[in-house]
Structure formats: structure tokens, C-alpha cells
There are 2 protein chains.
Amino acid sequence: MKLSEAKQQFISSWGAFGTQWGINRTMAQIHALLLVSINPLTQDDMMEELSISRGNVNMNIRDLIGWGLVDRVIISGERKEYFTAEKDIWKVATQIIKERKKRELDPMIKLLSQLENIDDDKKDKEVQQFTQVVGSIKKLGLQADKTLDLMIKADENWFTGSILKMFK
Amino acid sequence: MKLSEAKQQFISSWGAFGTQWGINRTMAQIHALLLVSINPLTQDDMMEELSISRGNVNMNIRDLIGWGLVDRVIISGERKEYFTAEKDIWKVATQIIKERKKRELDPMIKLLSQLENIDDDKKDKEVQQFTQVVGSIKKLGLQADKTLDLMIKADENWFTGSILKMFK
DNA sequence: TTTAAGTTTCAATATATTTTGAAAATTCAG
DNA sequence: CTGAATTTTCAAAATATATTGAAACTTAAA
């Protein structure tokens, strides 16, 4: 397969993959494009490469910066802004985990904690069932939270296998 | 908080939470409703509780069955079909992991493997960068695959903490 | 069989999300 | 300052996704 063909394929598949995970297709594609670009790109480069509008690039780039996956780069002598993506995939993964945890898992646990306190008769089967389900989801959430914190703090070995080999 | 209020809140929040993860809101709500229902429900029950159409319930229930999260229940003497959800959250989580792995992770790894073989000059910086990125994502994917397999096979202790405590 | 209850399908419709593009705002060289 | 280059915003349009509801289909009791 030719490089140009493979790049296209990677970018478009990464976009499709992203949508399955609640990530906007264009954002995923911009990220993919920056991942495989050696040099930082301008917004115009991305408009051109992905055939999308200026506004679209601008909004999604800002989102990606908000996710900590893309950085602005100043190139001296250049008026335009350039953008680059972190290339270390382990860092990318931990950054995504960190953000999703903060944005989604933490609020979910907070909500479940509130729902655990039911005023009605604790003897009621319905009440018991509800608090059991909510409580166990919360417990799972808390454990996931701890585990992910460990992963974030740990070095790459956590995932590349040396630790987990112990359980095989 | 009253049970009825908490139930409503749980169902609607679960739906909102699901959409962030690429799961259709109604599907997540139906699942939530079944999780907190002691007795199996009919499609009519769900239409009523969630104020949604018959077709919508039917399609999403079928999806949930496809995900292995909901089962049809036959109640003798009754003509209608009833539905119930697995209440053990650990089982629910492993089932979701198993399915997403099969539907998304495995195809992704397959794709990345294809993209690793670039015909162009291996000395080219662009080619090196591309194969490096694709290769490292694939490596991460393979490791995630292994880890998730371990989780799926392991008993609940994997997540409830006794194993992971070793790393603190 | 017949037929009524129950289930499934899917084209049409509604809703939600993404994208565009041009105007407004900002930045900076001269 | 001034104004051209660049970035940002956001209402309108386009696209994608979810929902409806009625017709078609299936099932099983009479």
C-alpha cells in the first residue's frame, strides 16, 4: 500500500472509529492528520487536507487543545499559528483517560451518591433493589476511578505488559 | 429523595451518560428502567414508563438483547413477552467490554495491521513517522485487548480491588 | 382454519449534531 | 494609528441519527 493511500485510510477510519465513541468525526480526523504529520500544520493546511471549512477546523482544533491532545506552536518569522499533536501514544491514551474521567466518570459517581439516599421505607423491595443497583454501579465506578488513577500515574509499563504478565 | 423521583433521575441521567459513549439515549434508558425493576416488563410497560413509541421500544430491546444485556422471559399463562435485565453489575460490565471489544477494538487492530505495510521507501521520514504511529497504536490496542480478556475471564476480584491493591 | 393479540418492520418525520461561510474581532507589521 | 492578515464566532444550512406509527407479519387461542 502507498503511503498517501494509507494516510487517507488511517484518517478516515480514525474518524469513523471516533464517532463510535462519542467523538466528533472531524475532531478525530484532525487529530489523526496531526499524528501522522512530521511538521506542525496551519488551519489552512487542515482545511485543504480534509476538505473542510475554516470554522470547522478552528472549533475542533480548540476542542483538541482543550483535551490536551494538540498544542499551538509558534514558528518565528511566521504570522500564522501552527498546530502539532503529541506523538507518544501512551501519553495520548493517558490524557484521554484523564479527561474522560474528569468529564464523565467523576460527575456520574457524584450523581449516584445522591441517588443512594432514598427517604422511603427501607424495607420496601423496590427501594432495596434500587439502592442495590445504584450502590453497585457506584462501587464499580469508584474502583474504575482508582484503577485509572493508577494507570495515569504509572509509567508505560503498566500497559505494555510487564506488570500484567504476572496474572497470566 | 423519593424513590420515584430518584428512579426518574437515574433513568434520564443514564440516558444522557450513554449518549456520551456513543450509545443511543433510549437504549440506555430502557436498560436503566429494567435494572431498577424487580419484575420483568412488557413492551407496553416501557412505552408507558418512558413515553416512547412501540417501534422504538421494540428496536432498542432487540439491540439490548443483541448486546446480551437483556433477556426475554416467558411467563406461563401470559401471551405477552416480558423482558428483564441482568442485575449483577460486574456481569453487565464484562458483557459490555466483551461486545465493544469484538465490535470495535478487534476490527481496529485488523485495520492498523493492514496499514503497517507501506510499499514506499522505508528511509523516508514521512513513512517512518506513519509506521511508528500506526505501529504504536496497534501495540496499545493489542495490549488493551489482552488486558480486557484477562478482566473478562477473571472473577469480580479483578475489579473490586484485591488484586490491584498490590500496586498502590 | 379463523381471528384477534402481539410483534416487527420501515418509510416518513422529527430531532440532534455537525458544518459552513461570512461578518466581527483580534493581531501585528509598517 | 492604519489596514491587511489571521483567527474567532455563530446563525443558517446541511447532514446524521433517532423516533413514530401504521401496515405487514407472526403466533396461538378458540
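In this text the structure is predicted, and so the values were computed from the model without any measurement. Throughout, protein chains are lettered first and strands after them, A, B, ... in sequence-line order, and every chain is numbered starting at 1.
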> Under the salt bridge (charged side-chain N to carboxylate O under 4.0 Å, His left out) test, which residues partner A/Arg62, sequence neighbours left out?
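Residues passing salt bridge (charged side-chain N to carboxylate O under 4.0 Å, His left out) with A/Arg62: none at all.
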
> So if I define the base as every atom that isn't primed, P, OP1 or OP2, how would nucleotides 17-30 of chain C read as a B/S/- string at a heavy-atom cutoff under 4.0 Å?
-SSBB-----BB--

> List, by chain and then residue number, the residues other than B/Met59 in its hydrophobic cluster (Ile/Leu/Val/Met/Phe/Trp/Tyr, side-chain heavy atoms under 4.5 Å); write none if there are no others.
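Once heavy-atom contacts under 4.5 Å are chained together, B/Met59 still belongs with nothing else.
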
> From the 5' end of DNA chain D to its 3' end, which nucleotides mark the outer limits of contact with chain A, defined by a 4.0 Å heavy-atom distance cut-off (strictly under)?
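Boundary nucleotides touching chain A, in 5' to 3' order, are D/dA4 to D/dC10.
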
> Using a cut-off of strictly less than 4.0 Å between a heavy atom of the residue and any atom of DNA chain D, enumerate the qualifying residues of residues 64-78 of chain A by number.
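By residue number: A/Arg72.
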
> Check salt bridge (charged side-chain N to carboxylate O under 4.0 Å, His left out) between A/Lys101 and all other residues, then give those that pass, not counting sequence neighbours.
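With neighbours one apart ignored, the set is A/Asp106, A/Asp145, A/Asp149.
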
> Apply side chain to side chain donor-acceptor pair (under 3.5 Å) to A/Lys102 and list each qualifying residue two or more places apart in sequence or on a separate chain.
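Result, side chain to side chain donor-acceptor pair (under 3.5 Å) vs A/Lys102: A/Glu99.
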
> Would you mind listing the cluster partners of B/Ile75? Hydrophobic ones only (ILVMFWY), side-chain contacts under 4.5 Å, chaining allowed.
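Traced through the cluster, B/Ile75 reaches B/Val73, B/Tyr82.
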
> How would you list all residue pairs meeting salt bridge (charged side-chain N to carboxylate O under 4.0 Å, His left out) that involve residues 27-50 of chain A, not counting sequence neighbours?
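For residues 27-50 of chain A, and leaving out neighbouring residues, the salt bridge (charged side-chain N to carboxylate O under 4.0 Å, His left out) pairs sorted by first residue read A/Asp44-A/Arg54, A/Asp44-A/Lys80.
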
> Among residues two or more places apart or on two chains, list those pairs meeting salt bridge (charged side-chain N to carboxylate O under 4.0 Å, His left out) that have a residue in residues 10-24 of chain A.
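Sorted result for residues 10-24 of chain A: empty, none.
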
> Per the salt bridge (charged side-chain N to carboxylate O under 4.0 Å, His left out) rule, what does the pair list look like for residues 4-23 of chain B, sequence neighbours excluded?
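For residues 4-23 of chain B, and leaving out neighbouring residues, the salt bridge (charged side-chain N to carboxylate O under 4.0 Å, His left out) pairs sorted by first residue read A/Glu126-B/Lys7.
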
> Could you note down all residue pairs passing side chain to side chain donor-acceptor pair (under 3.5 Å) where residues 18-28 of chain A supplies at least one of them, sequence neighbours left out?
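For residues 18-28 of chain A, and leaving out neighbouring residues, the side chain to side chain donor-acceptor pair (under 3.5 Å) pairs sorted by first residue read A/Trp21-B/Glu104.
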
